[in-house]
Amino acid sequence: MPTIVDIAVSNEGFSTLVAAVQAAGLVEALQSPGPFTVFAPNDAAFAKLPPGTVQTLVQNPPQLGRILKFHVVSGKYTQTELIKLGTVESLEGAPIPIDGTEGFEVKNATVIAADIEADNGIIHVLDNVILMG
Amino acid sequence: MPTLTEPQTLIPPSTHVHADVIHRLESGGSMLPDTPENLMQIIGIYKAYAVPMDFYWRDLLYIAERVFLNPVPAFKYFLPQEYLDLPNHYAGDTADLRIWRGIATAHPELLEFMERGEMKRKLPKLIHHLWHDRVNMEFAEACMQAMLWHQDMGGRFNDYLYTDEYKGNCDRAIHAYFKGNPVMLGLHKLFPEMFYEKCRELSYYSNLGLFWEVMAPVFFEMSDIYDEGGFSGVPAAMDFLVNGIFAVAGRPIYHHVYIGDECFELIPKSCAFTWLYEAALPYVEAVFYRTAPFRGTKSYNAQAGQVPLDQNDFHYGILYADVFPVGSSGIPPTLLMQDMLHFLPPYLLEYYQEHCRGEDDILIQLGITFQRSMYNVTSAVIQALRAALLYPLDDQNPRHLAANRKFFEAQIDRFVRPEARLRDVQTQDYR
């Protein structure tokens, strides 16, 4: 089965995320056995950010890495498990609230494709970049 | 995007005491009403603020990076040429991200003031300094102290200052700085917390310097856009700030110290501290909201409960300030007002001459303009947080709009207390 990175690279709509993961030097980590749960914002999600936001982050890999780590959770959690948990701790350290009242929401993002299985974890695709706080 | 007049229909109206302001925020507006007079005032004061701020950030970094632990820092306000030429990362041709179309080195109006001062005479630097005809750097230090004193205001910066990693970094710099000075090294051995604490303060100098390095070009650019007729109103000016906050949110916050040719990283960039979380939000909390009562302005009886027991409840920042008694010498806001007075654009100077007592109470008038302008900056922070953490204003899901409403109401709750000036800035006759 492909890894989380393989899936992101081979699917259209994740070019910004892939470039960001590469810039932050997190490719190797996301190809390790994990397992990880990745909340993956698509290209449209990154495009919603005001101009300059991604540019500044790409210029500063540790800071970019921190934002990306907020989208990753240690362990493999499906939609049902996440909704049951209510909150999960990100690799960044800050908590990520999950809501299942209407559909499947991760913080202020809506999951547009859930439970994409990978060799080293699971991916849920988000329509927004989520931020700590 | 909804317009300012579009009624909110998906959720019932707010019943908050400041419901009018909350509805305005929900329509994409600012806490400050959208009038041409407000727009003129806030942009004019941003420009007047940006010029001394161009000195503040440079000198804050100079003190953090070069003056460092100098036990008698008598010349810390004497900015060397190297720091006047230090290219701003957000202005000029060499910018990481060009926010201001102007130059990256010190602003020409600042250089002229540093040379000739209020006296308009070219005298030795020391004379200008002793005559206090200079930029009031003490204001910048007061802001830094507010951040240092309030400490834990979100972000991870303050926690890091108490880690063994940070102390180890400090040790290396302290030993290099006091190399061959057995007295200071002996003091460090006897009282290690003393220099660590000084380093923490210097790290806040760096933090604030890096924060203002961004804000100065933001304000210069806003002034230029206004002069070109580019802002349609107060919300447009606020949106420019919101976009600016996002654009530089990921800027690293760090503290490097230069001793001789060697760089010591007290807080390396690899700590992943960011401008938004570790500088901007703590700054707004410490300086706009909290600070501390200024000595010499008013007497408080702590035993009678006139000063909050909980530091979180401090409310002595610009958003609460009664500008009138602040006009005494040495009071930090007065120092800033005096600094801004030197760089007012002509249209704002003319405006003040037409109101109240003209030039006689100009510091008070511009202080209140500054208060208006900071309500707009705070609005930008509130809208940026809403955009980052919650939902778009035109979201069609009532549950999302209710979450936005809850957030706005919680923010505005802080202005319910009688000292808050939110009600005052709603009208133009508050000046």
Side-chain angles (χ1 to χ4, degrees), chain A residues 16 19-20 23-26 29 41 44-72 87 90-112 126-133, chain B residues 89-90 95-99 153-156 159 210 214 218 239-254 265 267-282 380-381 383-392 395-400 402-404 407:
Chain A
T16 315
L26 292 174
F46 279 103
K48 284 185 202 170
L49 293 169
T53 312
V54 174
Q55 186 187 332
T56 301
L57 284 168
V58 169
Q59 285 167 352
N60 300 290
Q63 284 66 25
L64 174 63
R66 182 172 164 196
I67 303 293
L68 291 175
K69 282 180 195 162
F70 185 60
H71 292 75
V72 183
T87 309
S90 69
L91 288 188
E92 192 272 341
I96 308 173
I98 313 283
D99 193 297
T101 321
E102 293 170 48
F104 179 19
E105 293 183 347
V106 175
K107 210 162 194 287
N108 59 338
T110 301
V111 177
I112 47 179
L126 303 187
D127 69 340
N128 265 331
V129 176
I130 52 171
L131 294 162
M132 303 84 77
Chain B
H89 287 83
Y90 299 93
D96 290 346
L97 180 75
R98 194 163 191 177
I99 292 177
M153 295 161 297
R156 305 233 166 95
D159 294 338
L210 295 168
V214 172
V218 167
D239 286 345
F240 185 88
L241 287 164
V242 172
N243 286 335
I245 289 169
F246 270 98
V248 297
R251 185 213 179 156
I253 295 297
Y254 54 90
E265 297 189 351
I267 302 176
K269 289 182 182 178
S270 60
C271 281
F273 294 148
T274 61
W275 184 87
L276 177 65
Y277 289 103
E278 274 75 30
L281 295 177
V381 173
Q383 291 286 15
L385 284 176
R386 190 267 313 149
L389 309 176
L390 290 150
Y391 304 97
D395 198 305
Q396 292 302 303
N397 184 333
R399 197 167 48 84
H400 292 173
N404 282 354
F407 170 75

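All chains are named by letter (A, B, ...) in the order of the sequence lines, taking the proteins before the strands, and each is independently numbered beginning at 1.
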Bottom line for B:F273: the part with an atom under 4.5 Å from chain A's heavy atoms is both
* Backbone of B:A249 reached by a side-chain donor or acceptor of A:Q63 within 3.5 Å -> no
Worksheet item: So, the side chain of A:Q55 versus the backbone of B:D96: is there a donor-acceptor pair under 3.5 Å, distance only?
Response: yes
Closest heavy-atom pair, A:P50 versus B:N243, reported as atoms and distance to 0.1 Å, is CB-OD1, 3.4 Å
Between B:A272 and A:P62, the two heavy atoms sitting closest are CB-O, 3.4 Å
A:R66 meets the side-chain hydrogen bond (donor to acceptor under 3.5 Å, both in side chains) criterion, sequence neighbours left out, with A:E92, B:E278
Query - Side-chain heavy atoms of B:H400 within contact of A:E105, under 4.5 Å - result: yes
Any heavy-atom pair between the side chains of B:T274 and A:M132 that's under 4.5 Å?
no
Here the pair of heavy atoms bringing A:N60 nearest to B:P252 is OD1-CG, 3.1 Å
Minimal heavy-atom distance between A:L131 and B:F246, with the atoms involved, is CD1-CE2, 4.3 Å
Under 4.5 Å to a heavy atom of chain A? For B:L390 that would be backbone
A:P51 and B:A247 have their tightest heavy-atom pair at O-CB, 3.5 Å
